[in-house]
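Okay, structure first, notes after.
Just so we're clear, the structure is a prediction, and the values are computed from it rather than from any experiment. Chain naming here is simple, since letters A, B, ... match the order of the sequence lines and numbering starts at 1 in each.
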There are 2 protein chains.
Amino acid sequence: MPALRSWFSIPRGSHFSLANIPFGIISTPSSKTPRVAVAIGEHVLDLEAFAANNGFSALSIIQPHQAVFSQPSLNAFAALGRPIHAIVRKYIQDVFDADTTYPEILKTNSALQKQALLPLKEIQTYLPFKIGDYTDFFAGLNHAVKAGSMFRGPINALQPNYKHLPVAYHGRASSIVVSGTPIRRPNGQILLDPATEKKQPTYSACKKLDFELELGAFICKANKMGEPVPVNEAQDSLFGIVLMNDWSARDVQAWEYVPLGPFNAKNFGTTISAWVVLADALEPFKVKGIENDVGVLPYLKEKDNKSVYDIQLKVDLQTKSGNSKTIAKTNGRHLLWSYPQMIAHHSSTGCPLQVGDLLGSGTISGISQSEYGSLLEQSENGKIPIKISDSEERIFLEDGDEVTFSGVCGSDEEALVGFGECVGRIEPALKL
Amino acid sequence: MPALRSWFSIPRGSHFSLANIPFGIISTPSSKTPRVAVAIGEHVLDLEAFAANNGFSALSIIQPHQAVFSQPSLNAFAALGRPIHAIVRKYIQDVFDADTTYPEILKTNSALQKQALLPLKEIQTYLPFKIGDYTDFFAGLNHAVKAGSMFRGPINALQPNYKHLPVAYHGRASSIVVSGTPIRRPNGQILLDPATEKKQPTYSACKKLDFELELGAFICKANKMGEPVPVNEAQDSLFGIVLMNDWSARDVQAWEYVPLGPFNAKNFGTTISAWVVLADALEPFKVKGIENDVGVLPYLKEKDNKSVYDIQLKVDLQTKSGNSKTIAKTNGRHLLWSYPQMIAHHSSTGCPLQVGDLLGSGTISGISQSEYGSLLEQSENGKIPIKISDSEERIFLEDGDEVTFSGVCGSDEEALVGFGECVGRIEPALKL
Ligand SMILES: [Ca+2]
Ligand SMILES: [Ca+2]
Ligand SMILES: [Mg+2]
Ligand SMILES: [Mg+2]
Ligand code: NI
């Protein structure tokens, strides 16, 4: 399929080509109220301004709902449902098309262009959703095998349940922040010397601060309490995807997590990218995930086995002194479980999902060192330093380190479907 | 201290004496918009109607904030802070006092009495808060020892971290419901024969459905991300307490919970009582919790060691055929960790708590069979039937069973500070 060509300047290699049209929440210095926009090339289209100036005059179906674009979150837009998301995206693609059906809307309307097309570098972005509940899955098989091997040996790396159900835990919604928000190194309860018989913890700055490279999915359809979502209908619940950094305090985690799972090790911060790529935009990049070699139960069996996404993922680390390196490259296809399977399992007991809920995929790793999506794996829990430059190496994150995830689908430089970046810089811990 | 006497009829033995004044959300058949009320005896005082008719005319400090009483949740009222909660409670106590300073407000104002004093049995109650995040702790030492012993033997019953930190996991906020809401037995992934070498799960109706007797605390003060709440300031964050039933699917839990903790086993429903008893009302009932025989770290050390509550707790089970029995009696004092300690630990990594967050205490058990706060403990995981009547016994919950928690502080029948009831009835699972 040839790339859509636009009358508007979209640089080659942009994550936000006409094939994408990701949604987010923005404000500008001159108009500080957060509202809905889409990203296009190096600009955003402010949908509140667009709607207010008859931008949707040729799309009657959206007119009764235009107030959704003035909201400070995507929840109301998402709740309109996937058919509407598809129509709005397609309409915006048409408006920007070189041969647009509606030139008078924007192409020849320089007043509206000036008002609604804002340079990306001049806007502020916000958390795209008001997140009710956040769940983090553990669907990255390679990560589970690698991390499990390090602690229990390769034979017992995976728990017996791992291939039968998408393992997950409930996470902390209140500490999810948008890309660019600094992350303070947590203080926490840790065991300085885990090997000693007598376990005497201390409360001190985390010494094993890590990232986890994940995808996050936003829910756009609620199910009633007591009514599970069938796996083959779960696509309807899937609004779109962001990049997600599940910051992790490994020393806190090691001491606290048996028997009820990670808690403080994860609740100090989770970063997501600002632009939500619609599930529709990702359709062309669906691929088969990792083969599950146990027969999954019927409630997890998908008709469509191309149900994960071919997203090229990358982790860059820049130190305080300015050295930087791409420390991992991997791919969104390295998942044992798809989002429809996660949704079906999550709701299998009747748990009600709500519009704006966020589902993390779990850490995504390939199978070699340069494909691991966490420092825990890369450094073998602190044993193998990772070279950043001639003068610097890392086993875990240090103060001032900036971690940048990026992700992109496709190879046609004029039709990329990308996620932009998910960035966080580590600030020093509070002095005790 | 003699009981406060009221001009208004409050039956002896009422949970909602003048010493209490618990807050909740109500509606009536003639006025269906949910709003704030307090419970008094067998009535509620509708605070929206009370405020609209000059009920607060003698309390100038609340007048700019009266809109909080028209909200469908207590979040806005709670956010005013504990000093305001104390003033409002004291004012309402004065208004109802036999020797009230303000007889014209309500005592001699029969029109307002008629409008704002509504019989409890004619109102509908709602979830008292819009709950952002819900965390369930595990602070009931006796429960942890008993449950741990059953699975790992008495020597290894407690994990090494148990006495050093208040163990907790993030729970599911979207499935928290108010007392009286039916609970559908979940279907879930379970291992029918855990003993076999080859682990082949099935998806079927839960066969080990259980309750957990807990307290729940609501947060009334937010801390900023990155800024822990000091343990000796944590009382300021504590709005009040409810009874909580953390329904648990033990067979789902056993199969899923290693390594990331309980997930589907708990996310199908959690019931809380409708009336939130203010922390101020519970002050006279503060007692020392279970002695912690390890030296806790400074960030968990309280100046005031009377920091848990002497609440007489009771569990009643009524079967479909109408047989009923009090199957457990225990006390809120059986906690190793207090709410201030839980809040300090929860935020110790900088996790931001928000107004309306709910913190479960963990299952509260005494040390003998009739004091266990779950059927898991009472039946030794299904091995010992509990007699309900001559014709019925239980090891876990059956369809049609109704579980009622109640809790009350004090012994003066005219000055009880009670929680009312936390009730849920089990409906049959969805047919597969
Ligand atoms: Ca994770
Ligand atoms: Ca519990
Ligand atoms: Mg996190
Ligand atoms: Mg529950
Ligand atoms: Ni008294």
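- Contacts of Leu191(A) with chain B are absent, with no heavy-atom separation under 4.5 Å from either backbone or side chain.
- Interface remark: of the candidates Trp255(B), Tyr162(B), Phe138(B), Trp255(B) forms the most heavy-atom pairs closer than 4.5 Å to chain A.
- Between Leu430(A) and Glu227(B), the shortest heavy-atom contact is CD1-CA, 4.5 Å.
- Residues of residues 192-202 of chain B that come within less than 4.5 angstrom of chain A, heavy atom to heavy atom, are Lys199(B), Gln200(B), Pro201(B), Thr202(B) in numerical order.
- Contact annotation for Leu165(A): both backbone and side-chain heavy atoms come within less than 4.5 Å of a heavy atom of chain B.
- A donor-acceptor pair under 3.5 Å is absent between the side-chain atoms of Asn267(B) and the main chain of Cys351(A), judged by distance alone.
- Ring to ring, His170(B) and Tyr134(A) are not that close: their centroids are 6.0 angstrom or more apart.
- Separation of atoms OG (Ser174(A)) and CD (Gln354(B)) is listed at 5.0 Å; rounding is to 0.5 Å.
- Across Ala222(A), Pro160(A), Ala205(A), Ala429(A), the residue that shares the most heavy-atom pairs under 4.5 angstrom with chain B is Pro160(A).
- Taking the six-membered ring for Trp, Tyr203(A) and Tyr299(B) have ring centres closer than 6.0 Å.
- Here Leu260(B) is the residue among Thr135(B), Leu260(B), Val258(B) with the most heavy-atom pairs under 4.5 Å with chain A.
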Report the C-alpha separation of Arg184(B) and Met225(A) in whole Å, then their side-chain angles, then the decisive distance to 0.1 Å, and conclude whether the side-chain contact (heavy atoms from CB on, under 4.5 Å) test is met. CA-CA 9 Å; Arg184(B) 181 173 281 173; Met225(A) 187 161 153; over 6 Å; no

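- A perpendicular orientation is assigned to the rings of Phe263(B) and Phe137(A), their planes being inclined by more than 60° (bins at 30° and 60°).
- Of the residues considered (Gly132(B), Pro262(B), Gly171(B)), Gly171(B) shows the highest number of contacts with chain A, using heavy-atom pairs under 4.5 Å.
- Considering only heavy-atom pairs separated by less than 4.5 Å from chain B, the leading option among Gly226(A), Gly295(A), Pro352(A), Gly188(A) is Pro352(A).
- Residues His345(A) and Asn264(B) have side chains that bring a donor and an acceptor to within less than 3.5 angstrom of each other.
- Taking CZ from Arg172(B) and OH from Tyr169(A), the interatomic distance works out to 14.5 Å, rounded to the nearest 0.5 Å.
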Kindly determine whether Val167(B) and Glu256(A) satisfy side-chain contact (heavy atoms from CB on, under 4.5 Å), including the steps that lead there. CA-CA 7 Å; Val167(B) 171; Glu256(A) 78 175 358; over 6 Å; no

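- The most heavy-atom pairs under 4.5 Å with chain A, out of Ile131(B), Leu432(B), Val177(B), Asp357(B), come from Asp357(B).
- Ranked by heavy-atom pairs under 4.5 Å with chain B, the list Gly261(A), Ser348(A), Pro186(A) is led by Ser348(A).
- In terms of heavy-atom pairs under 4.5 angstrom with chain A, the leader among Asp136(B), Asn161(B), Val252(B) is Asn161(B).
- Neither side chain, Asn187(B) nor Thr349(A), offers a donor N or O lying under 3.5 Å from an acceptor on the other.
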